[in-house]
Amino acid sequence: MDMDKNVAIDELAPLGGEEYYGREIWGNLQKFAQMLVDEGEIRGLIGPRERQRLWTRHIFNSTAVEEFISQGSTVGDIGSGAGFPGLVLAIIRPDVNVTLIDSMERRTQWLMDVIKELSLPNVSVKTGRAESFVGNFSADYVTARAVAALKKLLPWTMPLVKPGGSLIALKGIKAEQEIIEAQQQLSDYNADWVDIYQVTPFGCEESTRIVEVKKLM
């Protein structure tokens, strides 16, 4: 049986969201969630089972990157897909300028539709593979979620990170192993250091892992 579309928004959203984020930001998060419920499955962005865990697994999980992004900085989000984490970051951090990058036009069209619907002035969209923008785009931070293992992710992302900036990647239980397997790439792409953090975002009971790779100045 298909889930009532209003359930994900009204009943599955954690209490206290408006108090935590403020009325405007919380309202935009709710609008974004509603758009995903209404159109996400039809447009091939989320599966039918993802509706029940839309807030915890996707929206609030994406907010875990927020504390690593400094005030007024620029962010490039690689493999933005349905908008995780880059679009969520743009909603909750209006001080940050976010560029969403995805290789599939149907996904970037979705992202542009959300940006228009929510009237977000701090977001832009690029269609193409990350490596195609090397030399034409760079940011203080590059974010990524569920894109690839670190060994593959570093060559795609680190050339877009400004010197002294960071790659901020949402990772799972294999984060430590991914770092071990990516030692050569960390050296090749001018990593200064790499660390793992445990973050429990608002609205989530479980923590998530953030891998930060700092680029040399």
Side-chain angles (χ1 to χ4, degrees), residues 44-47 49-50 53 56-70 73-89 96 98-104 107-108 111 126-201 204-217:
L45 299 164
I46 60 172
R49 295 182 180 180
E50 297 306 303
R53 49 188 183 179
T56 55
R57 183 178 176 86
H58 298 294
I59 295 175
F60 286 120
N61 178 262
S62 294
T63 68
V65 303
E66 188 268 337
E67 64 183 84
F68 301 92
I69 308 298
S70 60
S73 58
T74 56
V75 177
D77 184 55
I78 303 302
S80 298
F84 310 122
L87 189 52
V88 174
L89 176 66
V96 173
V98 180
T99 301
L100 307 174
I101 300 172
D102 200 283
S103 61
M104 296 185 68
R107 291 175 179 167
T108 54
L111 295 169
K126 291 182 181 291
T127 304
R129 299 180 66 84
E131 53 266 39
S132 68
F133 298 108
V134 175
N136 298 315
F137 172 78
S138 61
D140 300 314
Y141 301 92
V142 171
T143 55
R145 178 181 185 265
V147 174
L150 201 59
K151 186 176 181 178
K152 290 184 177 181
L153 188 62
L154 287 165
W156 298 341
T157 57
M158 290 300 280
L160 303 181
V161 178
K162 292 180 179 180
S166 294
L167 165 65
I168 308 293
L170 281 150
K171 287 293 178 183
I173 60 174
K174 295 182 179 180
E176 290 90 349
Q177 185 62 32
E178 287 192 26
I179 291 172
I180 293 170
E181 294 174 355
Q183 289 302 305
Q184 185 60 54
Q185 288 74 24
L186 288 165
S187 176
D188 291 345
Y189 290 94
N190 300 320
D192 188 7
W193 49 260
V194 58
D195 210 344
I196 302 174
Y197 306 91
Q198 292 280 129
V199 179
T200 304
C204 296
E205 294 181 359
E206 296 182 4
S207 64
T208 190
R209 291 186 175 189
I210 297 289
V211 172
E212 180 176 12
V213 182
K214 188 76 169 181
K215 191 171 185 177
L216 286 165
M217 289 292 295

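- Taking each heavy atom of Arg209 and Gly172 in turn, the nearest pair found is CD-O, 3.3 Å.
- The shortest distance between side-chain heavy atoms of Ile196 and Glu176 falls below 4.5 Å.
- Counting heavy atoms from C-beta on, the side chains of Ile78 and Leu160 come closer than 4.5 Å.
- A donor-acceptor contact shorter than 3.5 Å is absent between the side chain of Lys214 and the backbone of Gly165.
- Counting heavy atoms from C-beta outward, Ile59 and Phe84 have side chains that approach closer than 4.5 Å.
- Contact detail for Ser207 and Thr200: the closest heavy-atom pair is CB-OG1, 3.3 Å.
- Between Ile168 atom CD1 and Thr157 atom OG1 the span is 10.5 Å, to the nearest 0.5 Å.
- The two residues Ala182 and Leu154 come nearest to each other via the heavy atoms CB-CD1, 3.9 Å.
- Taking 4.5 Å as the limit, some side-chain heavy atom of Leu45 sits within range of a side-chain heavy atom of Arg107.
- Here the options are Lys151, Lys171, Lys152, the test is salt bridge (charged side-chain N to carboxylate O under 4.0 Å, His left out), and the partner is Glu178; only Lys171 passes.
- The distance from the CG atom of Leu216 to the CE atom of Met158 is 8.0 Å, given to the nearest 0.5 Å.
- A heavy-atom distance below 4.5 Å is found between the side chains of Leu170 and Ile210.
- Taking CG of Leu150 as the reference point, atom CD of Gln177 lies at 11.5 Å (rounded to 0.5 Å).
- Side chain of Asp140 to main chain of Thr74: a donor-acceptor pair is present (N/O by atom type, distance under 3.5 Å, no hydrogens or angles).
- Residues Phe133 and Pro159 form no side-chain contact, since every pair of their non-hydrogen atoms from C-beta on lies 4.5 Å or further apart.
- Heavy-atom neighbours of Glu205 CD from other residues, nucleotides or ligands within 6.0 Å: at or below the threshold of 12.
- Taking the side chain as every heavy atom from C-beta outward, Leu167 and Leu153 approach each other to under 4.5 Å.
- Using modelled atom types, one finds no donor on one side chain facing an acceptor on the other under 3.5 Å when comparing Asp102 with Ser80.
- Here the straight-line distance linking atom OG1 of Thr56 with atom CG of Asn61 works out to 8.5 Å at 0.5 Å rounding.
- Checking each of Ser70, Ser166, Ser73 against Tyr141 for a side-chain hydrogen bond (donor to acceptor under 3.5 Å, both in side chains) leaves exactly one that passes, namely Ser70.
- Although no hydrogens or angles enter the test, the distance criterion places no donor-acceptor pair under 3.5 Å between the side chain of Lys126 and the main chain of Thr99.
- Between Ala144 and Pro85, the closest heavy-atom pair is C-CD, 4.3 Å.
- Rounded to the nearest 0.5 angstrom, Leu100 CG and Leu89 CG are separated by 9.5 Å.
- Classified by interplanar angle (parallel below 30°, tilted 30° to 60°, perpendicular above 60°), the ring pair Tyr197/Phe68 is tilted.
- Across every non-hydrogen atom of Arg145 and Arg57, the tightest pair is NH2-O, 2.5 Å.
- Heavy atoms only, all atoms of each residue included: Pro201 and Ala64 are closest at CG-CB, 3.9 Å.
- Annotation: ring-ring contact (aromatic ring centres under 6.0 Å, His included) contacts of Phe137 (sequence neighbours excluded): none.
- Residues forming a salt bridge (charged side-chain N to carboxylate O under 4.0 Å, His left out) with Glu131 (at least two apart in sequence, or on another chain): Arg129.
- Between Ile179 and Leu186 the shortest side-chain heavy-atom distance falls below 4.5 Å.
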